[in-house]
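Down below is the structure, laid out as structure tokens.
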Amino acid sequence: MSVVQVCARCAARWPVIGGPTQRNGVGGPTQWCPRCSGVLLIPTRTEIYQPPNRRGFRWIARSPSDPRGVGDAPVRRNLATPRYDAVPQWGLHDVVDTAPVPPSRADRMADRVGPLLTLATIFYGLAVFAELGRYAILVRNRTTLIPQWLLTVSDAAVYFTQLGGLLISVFAAIAAVCWLLRRRREHFAGARESDPRTASEVVVGCAVPILNLVMPAVYVLELVRRDPRGTLLVKIWWGFWGFSALLLVVNAYWRSRPGIQAMADGVLLNAFIALVAAVTAALTLVVIRRIERKSWRGEPESETRWVPVPRSVLEEKSVLDEKSVLEEKETAAL
């Protein structure tokens, strides 16, 4: 026959050598489990069925997390929502650097695009008046001798406004390219798409002559393709941009013509070119503010929400307005 002893802690079965009547030294039951040093229960036979009241123990189904020792108190499950009195400190710590990232040089240059375009518009606008003043002096000089100081002031005004506008326009163009790169990066990141054009491709398209007459408008149109009004503004700006380049070619040809009348007409042409340059700079600023959803001053635009109103409400409002007008007339009559 087969006689075993069951450990009360680990539930292991140990055979009893020599039967249940033997003692220590020769054989028989033992008291402690060789595996876990737990208490061994009384021997029991495995080949015959023994009722629970004669076994000296009973089997209990427990989960692996429950204690197995004899006399251990049953675990009471807490069904309440777990909470912590403090932030748990276990697990991996995700250290996030909260220090502000300093803006790059390109971003700082992009932030100055608005003031630079405004200055360019002002300088070219002053250049228009300076060129018109020079033309008026030329017309006056046909019959009257012009003082030297007046000629000096006129020449200084023309050189200062034209060269100042040209220099500021160069810096404004660089700032506009930096702004375009940053805006394209933000636009495609917001749409969860990758920019189909690289930064070097955009820079080359904006810097290389002849290409910069077409590609800047293409790059900007990719940002406003869902905005009909923005698309119209970009097309108008594109027309002025190409027209200003054409005027530069015409001005270079006109300067090669001999004669005093050609020189006088060249002054008027310079005034017209300065006017077109001022309008182009202003339109560039308008397009940028339109893409940024800001006013021309750089302030965020307030969005207008249109709410449908039932016809009955409108009719009731018109009736109330008529009553208020009648009451005002009666009050005025009294």
Do you know the tightest heavy-atom contact between Pro43 and Val3? CB-CG1, 3.4 Å
For the residue pair Phe243 and Phe272, categorise the inter-ring angle as parallel (less than 30°), tilted (30 to 60°) or perpendicular (more than 60°). perpendicular
Student check: side-chain heavy atoms of Val218 and Val214 closer than 4.5 Å: yes
Do the side chain of Ser154 and the main chain of Leu150 share a donor and acceptor less than 3.5 angstrom apart? no
Is the closest side-chain heavy-atom distance between Val203 and Leu181 below 4.5 Å? yes
Any Val39 side-chain heavy atom under 4.5 Å of Trp32 side chain: yes
Less than 4.5 Å apart, any side-chain heavy atom of Arg185 and any of Asp195? no
Would the distance check show the side chain of Glu193 and the main-chain N or O of Phe188 forming a donor-acceptor pair, the cut-off being under 3.5 Å? no
Beyond-backbone contact of Lys294 with Ile288, side-chain heavy atoms, under 4.5 angstrom: no
Correct closest heavy-atom pair for Ala175 and Met109 would be CB-O, 3.2 Å
Residues Val267 and Arg134: closest non-hydrogen pair is CG2-CD, 3.9 Å
Just to verify, what does Tyr124 make a ring pair (Phe, Tyr, Trp, His ring centres under 6.0 Å) with, not counting sequence neighbours? none
Would you name the heavy atoms of Leu151 and Ile137 that are closest together and state the gap between them? CD2-CG2, 3.6 Å
Using a cut-off of 6.0 Å, state whether more than 12 heavy atoms not belonging to Phe240 lie near its atom CZ. no
Taking CZ in Arg108 as the centre, count heavy atoms belonging to other residues, nucleotides or ligands within less than 6.0 Å. Is the count above 12? yes
Same cluster for Leu283 and Leu117 if Ile/Leu/Val/Met/Phe/Trp/Tyr side chains link at under 4.5 Å? yes
One thing to verify: whether Arg112 and Asp107 come together as a salt bridge, which I'm taking to mean a side-chain N less than 4.0 angstrom from a carboxylate O. no
Between Asn270 (side chain) and Gly266 (backbone), is there a donor-acceptor pair under 3.5 Å? yes
In terms of hydrophobic clustering (I, L, V, M, F, W, Y; side-chain heavy atoms under 4.5 Å; direct or indirect links), are Leu116 and Leu167 co-clustered? yes
Decide yes or no for Leu180 and Val220: does some side-chain heavy atom of the first lie under 4.5 Å from some side-chain heavy atom of the second? yes
Backbone of Ala262 reached by a side-chain donor or acceptor of Trp254 within 3.5 Å: yes
Tell me whether Arg184 contacts the main-chain N or O of Tyr219 through its side chain, where contact means a donor paired with an acceptor under 3.5 Å. yes
Say whether Val158 and Leu247 are linked into one hydrophobic cluster, either directly or through other cluster members, by side-chain heavy-atom distances under 4.5 angstrom. no
With a 4.5 Å heavy-atom cut-off, do Arg197 and Met215 have their side chains touching? yes
Under 4.5 Å between side-chain heavy atoms, hopping through other hydrophobics if needed: is there a path connecting Val276 to Leu126? no
Side chain to side chain donor-acceptor pair (under 3.5 Å) contacts in which one or both residues fall within residues 170-179, not counting sequence neighbours: Trp179-Glu292
With a sphere of 6.0 Å drawn around CZ of Arg140, does it hold more than 12 non-hydrogen atoms of other residues, nucleotides or ligands? no
Treat each ILVMFWY residue as a node, draw an edge where side-chain heavy atoms are under 4.5 Å apart, and state whether Val16 and Trp14 are in one component. no
Checking the side chain of Thr231 only, and the main-chain atoms of Val224 only, is there a donor and an acceptor separated by less than 3.5 Å? yes
Look only at the side chain of Ser244 and the backbone of Trp241, and say whether a donor-acceptor pair between them is shorter than 3.5 Å. yes
Measure across Val177 and Cys206 and return the closest heavy-atom pair with its distance rounded to 0.1 Å. CG2-CB, 3.8 Å
Treating Trp238 as the side-chain partner and Leu213 as the backbone partner, does any N or O pair qualify as donor plus acceptor under 3.5 Å? yes
Indicate whether any N or O donor in one side chain lies under 3.5 Å from an N or O acceptor in the other, for Trp237 and Thr284. yes
When every non-hydrogen atom of Cys10 is compared with those of Cys33, the smallest separation belongs to SG-SG, 3.8 Å
Hey, is Arg257 close enough to Asp265 for a salt bridge, meaning N to O under 4.0 Å? no
